[in-house]
Amino acid sequence: MEKLHHDLKALIIEVLNLEEITPEDIDTQEPLFGDGLGLDSIDALELGLAIKNQYGIVLSSESEETKKAFYSVKTLADFIISQQ
């Protein structure tokens, strides 16, 4: 699970061009949007596409489960594992 957390953090940094931070700078429990990492809806679309391509899972922007999954790196990792 720790490797998946690190891989997701690296993916977030790469896909969203967050060159000023490292995976270690992202708290696994920290919210990805709003007051946490500060991502927005465009970031969510880009990240969702990257996760779909990387992990082969189907994401629905309409799904409440998907919205909850994007809360933090931990919830995203838990969601990916549950879908594989």
Side-chain angles (χ1 to χ4, degrees):
M1 184 65 94
E2 199 64 36
K3 179 176 178 350
L4 179 56
H5 290 169
H6 185 274
D7 291 348
L8 283 171
K9 292 174 185 181
L11 183 67
I12 290 167
I13 291 167
E14 179 186 336
V15 169
L16 303 179
N17 298 315
L18 304 176
E19 297 166 354
E20 68 280 357
I21 64 173
T22 66
E24 291 74 28
D25 294 331
I26 301 173
D27 185 324
T28 303
Q29 306 280 350
E30 176 182 49
L32 295 174
F33 300 88
D35 294 336
L37 193 55
L39 304 183
D40 62 23
S41 59
I42 301 298
D43 296 329
L45 292 172
E46 292 180 30
L47 184 56
L49 183 60
I51 289 171
K52 178 183 173 193
N53 292 336
Q54 180 80 25
Y55 297 99
I57 59 174
V58 177
L59 300 168
S60 168
S61 61
E62 309 291 315
S63 166
E64 195 60 39
E65 182 181 24
T66 299
K67 290 175 186 173
K68 288 179 182 176
F70 274 74
Y71 176 75
S72 69
V73 170
K74 181 187 181 327
T75 58
L76 201 48
D78 291 343
F79 179 75
I80 289 169
I81 288 172
S82 77
Q83 297 297 309
Q84 291 182 327

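We use all heavy atoms of the structure for the numbers below, so side chains are in, but hydrogens, waters and symmetry mates are not.
Placement of Val58 and Phe79 in two distinct hydrophobic clusters is found when ILVMFWY residues are connected by side-chain heavy-atom separations under 4.5 Å, directly or transitively.
The side-chain contact (heavy atoms from CB on, under 4.5 Å) check on Pro31 picks up Tyr71, with sequence neighbours excluded.
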Counting only pairs under 3.5 Å, give me each side-chain donor-acceptor contact of residues 12-21, with atom names and distances, residues two or more places apart or in other chains.
none

Just list the side-chain donor-acceptor pairs under 3.5 Å for residues 34-51, sequence neighbours left out, or say none.
unit_1: Asp40; atom_1: OD1; unit_2: Ile42; atom_2: N; d: 3.1
unit_1: Asp40; atom_1: OD1; unit_2: Asp43; atom_2: N; d: 2.9
unit_1: Asp43; atom_1: OD2; unit_2: Asp40; atom_2: N; d: 3.0

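For the atom pair CG (Leu4) and NZ (Lys74), the distance works out to 11.0 Å, reported to the nearest 0.5 Å. Put simply, NZ on Lys52 and CD on Gln54 are 14.0 Å apart, with the number rounded to the nearest 0.5 Å. Rounded to the nearest 0.5 angstrom, Lys9 NZ and Asp7 CG are separated by 11.0 Å.
Within a 6.0 Å sphere centred on CD of Glu2, heavy atoms belonging to other residues, nucleotides or ligands number 12 at most.
The side chain to side chain contact (heavy atoms under 4.5 Å, CB included) test with Thr28 is passed by exactly one of Val73, Thr75, Leu76: Val73.
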Gln83 vs Leu59, side chain to side chain contact (heavy atoms under 4.5 Å, CB included): CA-CA, chis, key distance, verdict = CA-CA 10 Å; Gln83 297 297 309; Leu59 300 168; over 6 Å; no

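Inter-residue side-chain proximity for Ile26 and His5 is flagged as unmet; no heavy-atom pair is nearer than 4.5 Å.
There is a side-chain donor-acceptor pair under 3.5 Å between Asp25 and Thr22.
Minimum interatomic distance between Phe70 and Phe33 (heavy atoms only, all atoms of both residues): O-CE1, 3.3 Å.
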